[in-house]
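See structure below.
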Protein chains: 2
Amino acid sequence: MSMPDTPGHDQIRGHESLSAAIMAGKTGGKTIVMKFGGTSVGDLERIRAVAKRVKVEHDRGRRVAVVVSAMAGVTNRMVGYCRDLDPLADPREYDAVVAAGEQVTSGLVAIALQALGVKARSWQGWQIPLVTDDAHGKAAIEGIDGSTLLACLDEGVIPVIAGFQGVGPDGRIATLGRGGSDTSAVAIAASINADQCDIYTDVDGIYTTDPRIVKRARRLDRITYEEMLELASVGAKVLQTRSVGLAMRENVRVRVLSSFSDTNDESGTIVVDEDEIVEKELVAGIANSHDEAKISVRAIPDRPGIAAAIFGPLAVANINVDMIVQSTGADQMTNMTFTVSKGDEAAACAVLEKARADVQYGELQTSHNVVKISVVGIGMRSNSGLAATMFRTLAERGINVQVISTSEIKISVLIDAEYTELAMRALHTAYNLDIQEEQRS
Amino acid sequence: MSMPDTPGHDQIRGHESLSAAIMAGKTGGKTIVMKFGGTSVGDLERIRAVAKRVKVEHDRGRRVAVVVSAMAGVTNRMVGYCRDLDPLADPREYDAVVAAGEQVTSGLVAIALQALGVKARSWQGWQIPLVTDDAHGKAAIEGIDGSTLLACLDEGVIPVIAGFQGVGPDGRIATLGRGGSDTSAVAIAASINADQCDIYTDVDGIYTTDPRIVKRARRLDRITYEEMLELASVGAKVLQTRSVGLAMRENVRVRVLSSFSDTNDESGTIVVDEDEIVEKELVAGIANSHDEAKISVRAIPDRPGIAAAIFGPLAVANINVDMIVQSTGADQMTNMTFTVSKGDEAAACAVLEKARADVQYGELQTSHNVVKISVVGIGMRSNSGLAATMFRTLAERGINVQVISTSEIKISVLIDAEYTELAMRALHTAYNLDIQEEQRS
């Protein structure tokens, strides 16, 4: 039962500690990484806007390294080409094809910076080098030699780094998987001891919940790594889970902010260590995930070893099981209910059909019509009343909780999908997360 | 007065001689390079067709290396992006951007081959490495380590090489200039001692002249390097001049054939050494070039050193002068008329205006309304009547020859552009190049 997107893999060499740099304070001479996503570099006008924004930071005397994604739509087109030619395309060739998108953007942003009179040059993953393992298509970073980029910065030249890509032990281009440019940016920030890694995107920060569902959602000024990690893993899509795990381990301050509006040092949401947050909120946010399939294995004769008989074969098949509940009826028969991601449902059922003789269960039931609602906050550690608030709030609305799972700073419940909006708004209010009228902009 | 596109620059290491391989004969165990241009890999259907064609050669027991251009239109789009951001974009960044097109195609063709069950892998210029000089945007090949590709072939894997690109001494991507994929293909053929370099394109070979102008144009089965070099340099656009010069120097047999029709070993036109052509034609072809601007410097007091005073400053400004004629009138004043490429006209006039005080000429005249018609053939060497045929043919049609230039196997004349079609058809007939009715397919 491993994490869906295991952090703890990416290793960054080339730096000692960030704490000294952080202590040095906020202004002047800071080294920052500015990362721009696909919509932020979606056309030449946006690329010019990115260059202007980078120049602003450069003109403030900051040492800036830029990390870019492919222009919006390009990666999808490249992936489509590969899949069209062969749905099981060689991941090494897939990597060569899709990495071209970031290569183009890095060159274009460097040209746009030079057109503003700022020295800049592009860097591909293999040129730095940013070394990955050999898991083409979803490679993990093995190390970055920060000295190359530091030398570039020392010459007063802004490095514009193609995100999402590195070079594998086979000397071939390797990509980090979708959203990997965030991980590139954090890893590069660590390798050059950057004071901060600014992730420019199409939203202006991390919200207490999805503002499309809960109108009274509030932008957070700060959030801890742990909270962000939990939120990212349960459906908040702003940052890639792996990038948050890496930032936490390498102690990189990450800021999420919009490239589509004017910003200043206070804009967006900063993801930091718990020590840096003075006024800690009990609950940071509420997330929802529709990528859950519920599987129930019913009428199992109760005996020791049932869990192993069910979950062992699933683990062997590399299927991640998330929430689990076991119940025993009056007839002494046991039911085991759990969730897998929707993409794994068919494979999971096939595994369980094969295990039927061994487990001797009566029936297999599946359901898509569920949503996982998660409440995340470091306050969970000390305040046991937070779980009770969740159950009471849902019960008052007549919402049945089908499965529960918890971590140190998270409670997740599986409920009927049609209650999604009702549950999220009620919980948002119950945890005092609603924005106050006077806070609205 | 250097050549417009100087061959003699690209150096290929890693092979001894091709003659032994050529002697080995045509069938079985041959090593061939198959190069596909932009329209040949213009979409996924075309890429699948390319893969099938490569598989045919592979299945015949041939060792095949593939070189690919970018998908049609991609390079132009990338060039447009760069120019839009900065008309004088840093050529190193320009190279990173535009080389992405060939990177994509190499990966896609490798996937398409694998989908047919053929082992294949992509190679970027920096991976081989194909080392260039530092003239980014129009780099020359300094050397190719053929051992990498030979090892790939020895493993039974078809290398699919991104054309047009290499890596410069600065470790950055360098491109060879427009049409550079032909040069890549020839250089790679030389580095692996290939028996032949097949250039697949959208025409089915080299013609005696432009078939759009002269309906009775005839496809040549064979042509010598020298003739092809002259034809390419005076307007025949099928092969890049540099690639022909390189093929001649490295003695690489080059074949030009269509990727849009079925082909066999006899298809297309083979460019070979003179020794290999048994029935030598006196004239191989007739080309036209509209990229000529005529400049006349009139009424110059006749004295020694005039030519140096005019052409010295032009050479310093890196402007190539092509055809030259000097005439002296009854008033003892000299006129100097010459041509430059249209792109250089403005710069040439500026240089000459600055030199006015020194040269003391009366007047500067320019004209665009001219065409250069060239007759090319190794027969020129021994048959002086060929020049006379040209002048007589043009005179009979009342076409005035403004400037003449000759090389060992070429005569070029500059005439009024409105006579282009008339002159080409008349010359094509006069040199007995017209296709016979029974030869038409």
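Order of the sequence lines fixes the chain letters, A, B, ..., with proteins taken first and strands second; residue numbering starts at 1 for each chain. The basis for the numbers below is simple: all heavy atoms, side chains too, and nothing from hydrogens, waters or symmetry mates.
Heavy atoms of A:Trp123 lying under 4.5 Å from chain B are absent altogether. Using a 4.5 Å cut-off between heavy atoms, B:Ala99 touches chain A through backbone and side chain atoms alike.
Between B:Glu93 and A:Ser106, every side-chain heavy-atom pair lies at or beyond the 4.5 Å cut-off. Side-chain contact between B:Ile173 and A:Gln103 is present, with heavy atoms from C-beta onward closer than 4.5 Å. At least one side-chain heavy atom of B:Arg172 sits less than 4.5 Å from a side-chain heavy atom of A:Arg121. By the 4.5 Å heavy-atom criterion applied to side chains, B:Arg48 and A:Asp84 are counted as neighbours.
Ranked by heavy-atom pairs under 4.5 Å with chain B, the first of A:Asp86, A:Val98, A:Leu108, A:Asp95 is A:Leu108. Among B:Leu88, B:Asp43, B:Val160, B:Val104, the residue making the largest number of heavy-atom pairs under 4.5 Å with chain A is B:Val104.
Counted within 6.0 Å of CG on A:Asp154, heavy atoms from surrounding residues, nucleotides or ligands total more than 12; the atom is thus considered enclosed.
Heavy-atom minimum distance, B:Trp126 versus A:Val167: CH2-CG2, 4.5 Å. Summarising the geometry of A:Ala112 relative to B:Leu85, their closest heavy-atom pair is CB-CD2, 4.2 Å, with the distance given to 0.1 Å. The shortest heavy-atom contact between A:Ser122 and B:Ala96 is OG-CB, 4.1 Å.
A distance of 9.5 Å separates OH of B:Tyr94 from CD1 of A:Ile111, quoted to the nearest 0.5 Å.
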